[in-house]
Protein chains: 4
Amino acid sequence: MPRGRTRDQDARQRVLDAAFDLVGSEEYRKVTINDIAASANVAKQTIYRWWPSRTAVVLDALVVGSMKATPFGESGDTRADFRAHLRGVIRVFNSPTGALIRELIAESQSDAAIAEEFRRRFWRPRRELSLAHLHRGIDVGHVRPDIEPEMVLDAIYGPLWLRLTIGHLPLRLKDADDILDAIWPGVAAQR
Amino acid sequence: MPRGRTRDQDARQRVLDAAFDLVGSEEYRKVTINDIAASANVAKQTIYRWWPSRTAVVLDALVVGSMKATPFGESGDTRADFRAHLRGVIRVFNSPTGALIRELIAESQSDAAIAEEFRRRFWRPRRELSLAHLHRGIDVGHVRPDIEPEMVLDAIYGPLWLRLTIGHLPLRLKDADDILDAIWPGVAAQR
Amino acid sequence: MPRGRTRDQDARQRVLDAAFDLVGSEEYRKVTINDIAASANVAKQTIYRWWPSRTAVVLDALVVGSMKATPFGESGDTRADFRAHLRGVIRVFNSPTGALIRELIAESQSDAAIAEEFRRRFWRPRRELSLAHLHRGIDVGHVRPDIEPEMVLDAIYGPLWLRLTIGHLPLRLKDADDILDAIWPGVAAQR
Amino acid sequence: MPRGRTRDQDARQRVLDAAFDLVGSEEYRKVTINDIAASANVAKQTIYRWWPSRTAVVLDALVVGSMKATPFGESGDTRADFRAHLRGVIRVFNSPTGALIRELIAESQSDAAIAEEFRRRFWRPRRELSLAHLHRGIDVGHVRPDIEPEMVLDAIYGPLWLRLTIGHLPLRLKDADDILDAIWPGVAAQR
DNA sequence: TACTAAGCGAGACGGTACGTCAAGTCTTTAA
DNA sequence: TTAAAGACTTGACGTACCGTCTCGCTTAGTA
């Protein structure tokens, strides 16, 4: 048994909640560590004891808060599964969580360590699911076996990320259909 | 004619060059206004006199330095033209210019004004060209007329931007072909 | 005769007036060279062409504007003459001119060249007059011949300068009498 | 007891020492906040946390460093006590401390708040002592009861301050005697 | 009647120092 | 030992003036 005061799990959660709320709020401009600490009623040092940097907190808030988001369905129709998944991702991108993701992408551009951490903890797990589902589509004969799977996924999800980061066009649920209309003919197996 | 000493065009160019070189260099972490000023042999105030922020300088450096980049060819083959253009964009993304674009995307995430400026001065002009070429493809019967053009463009270029900002996979010239292999079947007009 | 456009005497006067007005009126504020130039409708360069520094302008404004101030009377009564002179100095110290003098004393504390210039052009000429009058008082038998004249003058005028620079007590016309009441017994020749 | 890290008294002392040394040194022209911070091995922010301005630091350095300077003796001879005190003040004015005082007088000319602070913390306490001693002189019959005490003090100490700020004449220990020779006849009680 | 040499208002230039802000570390007392 | 509080170092920020340097224009001799 460790001696001394034990870690306050409640404080940890308050930090994550505060980070999520502050970064995810509409009118945020720049959320500082002090803001998070004050909002969580926690000492700055407590944050630094458990996270190496402000961005790490945001990443944790993102990962913890999105853990069960956008699962893949198993309807037996691969295209329909992707459609449902795309709609889930669009919902997430339009929610406060979208702001956290944007924040992390921003930080990733100037910090390779953050970029890698973001990919490792957020991107890859989700990518694996999509990739697995695409392979399953090949196995069941819905998807052409000679495609380049990574590129197909980039083409399917790329428009979402593009609109999230560039903001040149809004992101609506119906866009899921437009994407698949454009992509699926080149992906679907020939009869 | 304005009175007073005229703006020093050489100093302006030195600032843009310095911004381009510093931000575009491999090992940059965070390029400060002081860095740019020192590297350009210019007073900080001179930068602030003409640009509202560091990011505005970077945007200028990007726009000025990329003005004639990646034009569209007119081979008579729409898919081939897009292929050539994609390869041009890939080259740019892998050049120092790619670092400037990443920087601007990063800043755009927390500053709506910068985001709009980036879209207005960099994104839209290029987007218009792609859009025009896609419409030309429809006119000449290479592209299906019932596609959603904006979404098709997002699907074609999305993978490039995705790999630029996320960095989950490298960006090679041959990826242009993979993208079109995945996309074009759904875009090309039926015979 | 020198060729070229001759110095604009009107601009010179506008600068001096502006300096006098700004330094003399603004309650405890720092008047900049730009302020003076703007207020005089003159280019900054025009000021620097003729004066080496802001303080030199203020000194000029002071000297030019005070040239005929506080002359010594010749009533035949040395004490009465000093009384009249003290009252004149008190009036000057309480006028806008007092602010210019304070300004120059301030600058003198950190710039030996300014200090010397201030003494040479403002202080010494006035000091000579007082000294001469004190010597005249000795000659006519009103003042003890064994005093230390410089110190007597410092004791007579010191309280004025002290109250001007420290501001611990106001400076009223009647203070002239109090000073002489305190000093004169040690200065006046014995009967 | 307040929580949190307590103020670093050593850092505070280093700042005051550095300010004293830098401002008091012969060849100083303009001592900046950065100079003081660097010389004290302290962050600029730490200075701004505890002092509102550079001048406030200098005032603190002056007050802390001069606290026990120039006390009044109690020889039983009022004139002799003032002589000793005057000599003490002359020594201070000729020491590095004199440079700090000049600096503060300079700043006082353009900043009413500093002027008041200087009077409150440096001038008045010392003035009170002199005033009390003068009143004691009246009580014991050494000084005429009908003098204007404030003006007498201004006449006694005025020459010192005048020479400190104007610099028209040097300040020597023997000047204490000259001052009293000039003043005392008008101050001393008649036999 | 030109030509030339200043001086002029205007304002951009390279600088220095400012005072503020946030990041991340260190040092207290309290639990 | 951890938590909260808050002082600390560090370093970039954007601003204010400084004193200098062009601009295009005006003014006054000289040719």
Side-chain angles (χ1 to χ4, degrees), chain A residues 1-8 10-12 30-38 40-55, chain B residues 1-12 30-35 37-38 40-54, chain C residues 1-12 14 30-35 37-38 40-54, chain D residues 1-12 30-35 37 41-54:
Chain A
M1 194 63 179
R3 300 207 297 173
R5 185 168 174 175
T6 58
R7 175 170 183 187
D8 185 341
D10 185 51
R12 173 178 166 279
K30 194 69 183 162
V31 178
T32 73
I33 267 275
N34 279 330
D35 294 339
I36 295 174
N41 264 317
V42 143
K44 208 164 38 157
Q45 182 58 51
T46 300
I47 296 180
Y48 280 108
R49 207 187 322 273
W50 304 110
W51 292 275
S53 69
R54 190 188 71 92
T55 313
Chain B
M1 193 65 178
R3 299 214 281 182
R5 183 173 177 174
T6 53
R7 178 170 183 185
D8 185 339
Q9 291 301 329
D10 187 51
R12 173 179 163 278
K30 194 68 184 165
V31 178
T32 73
I33 275 268
N34 275 331
D35 294 338
N41 264 317
V42 140
K44 204 167 39 156
Q45 183 59 55
T46 297
I47 296 181
Y48 281 110
R49 209 189 320 274
W50 302 109
W51 293 276
S53 67
R54 192 187 66 92
Chain C
M1 195 67 178
R3 300 215 295 175
R5 184 171 176 175
T6 54
R7 177 171 184 183
D8 184 340
Q9 290 302 328
D10 186 52
R12 173 180 164 277
R14 287 203 311 275
K30 207 68 182 170
V31 178
T32 73
I33 265 273
N34 280 330
D35 293 339
N41 264 317
V42 140
K44 208 166 38 156
Q45 181 60 51
T46 299
I47 296 181
Y48 280 110
R49 206 188 324 272
W50 303 109
W51 292 275
S53 69
R54 189 187 68 94
Chain D
M1 195 66 178
R3 298 214 285 181
R5 182 172 179 175
T6 52
R7 178 169 183 186
D8 186 338
Q9 291 301 328
D10 186 51
R12 173 179 164 277
K30 193 68 184 166
V31 178
T32 73
I33 271 270
N34 278 331
D35 294 338
N41 263 318
V42 143
K44 202 168 44 157
Q45 183 61 57
T46 298
I47 296 181
Y48 280 109
R49 203 189 326 273
W50 301 110
W51 292 276
S53 69
R54 192 187 67 93

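All chains are named by letter (A, B, ...) in the order of the sequence lines, taking the proteins before the strands, and each is independently numbered beginning at 1. This one's a predicted model, so the numbers in the text were calculated from it and none came from an experiment.
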message: Whether D:Thr6 contacts F:dA7 is assessed here as follows: a side-chain N or O lying under 4.0 Å from the phosphate OP1 or OP2. Is that the case?
response: no
- prompt: Is C:Trp50 near enough to E:dC8 that one of its side-chain N or O atoms lies under 4.0 angstrom from OP1 or OP2?
  reply: yes
query: Hey, what do you get for CD1 (A:Ile47) to CD1 (A:Ile33), rounding to the nearest 0.5 Å?
result: 4.5 Å
5' priority, DNA chain F, between D:Val42 and A:Ala40 [closest heavy atom]: A:Ala40
- request: Spell out, as yes or no, whether a donor-acceptor pair under 3.5 Å connects the side chain of A:Arg54 to the backbone of A:Val31.
  value: yes
Atom pair OG/OH of B:Ser53 and B:Tyr48 - distance to nearest 0.5 Å: 8.0 Å
message: At less than 4.0 Å, is any side-chain N or O atom of B:Arg49 found next to OP1 or OP2 of E:dG14? Yes or no.
response: no
message: What's the separation between atom NZ in B:Lys30 and atom CG in B:Asp35, rounded to the nearest 0.5 Å?
response: 11.0 Å
Dump the pairs, protein N or O against N or O of nucleotides 16-20 of chain F, anything under 3.5 Å, distances to one decimal.
from	atom 1	to	atom 2	distance (Å)
F:dC18	OP1	C:Ile33	N	3.3
F:dC18	OP2	C:Ile33	N	3.1
F:dG19	OP2	C:Tyr48	OH	2.4
F:dG19	O5'	C:Tyr48	OH	3.3
F:dG19	N7	C:Lys44	NZ	3.0
F:dG19	O6	C:Lys44	NZ	2.9

query: B:Asp8 and B:Asp10: which non-hydrogen atoms are nearest, and at how many Å?
result: OD1-N, 2.9 Å
query: How close or far is atom C1' of E:dT25 from atom CH2 of A:Trp51, stated in whole angstroms?
result: 18 Å
query: Closest heavy-atom contact between C:Ala37 and C:Ala43?
result: CB-C, 4.4 Å
query: Which comes earlier along DNA chain E counting from the 5' end, the contact point of B:Gly4 or that of A:Thr55, where each point is its nearest nucleotide?
result: B:Gly4
- prompt: Starting at CZ of C:Arg3 and ending at P of E:dA2, how long is that distance when rounded to a whole Å?
  reply: 17 Å
query: Starting at CG of B:Asp10 and ending at C1' of F:dT22, how long is that distance when rounded to a whole Å?
result: 14 Å
message: Rounded to whole Å, please give me the gap between CD in C:Gln9 and P in F:dT27.
response: 16 Å
field: Separation of atom CD1 in A:Ile47 from atom C1' in F:dT2, rounded to whole Å
entry: 15 Å
- prompt: Taking CZ from D:Arg12 and P from F:dC8, how many angstroms apart are they, rounded to a whole number?
  reply: 12 Å
task: Establish, for the pair A:Arg12 and A:Trp50, whether the NZ or CZ atom is under 6.0 angstrom from the six-membered ring centre and no further than 45 degrees off its axis.
output: no
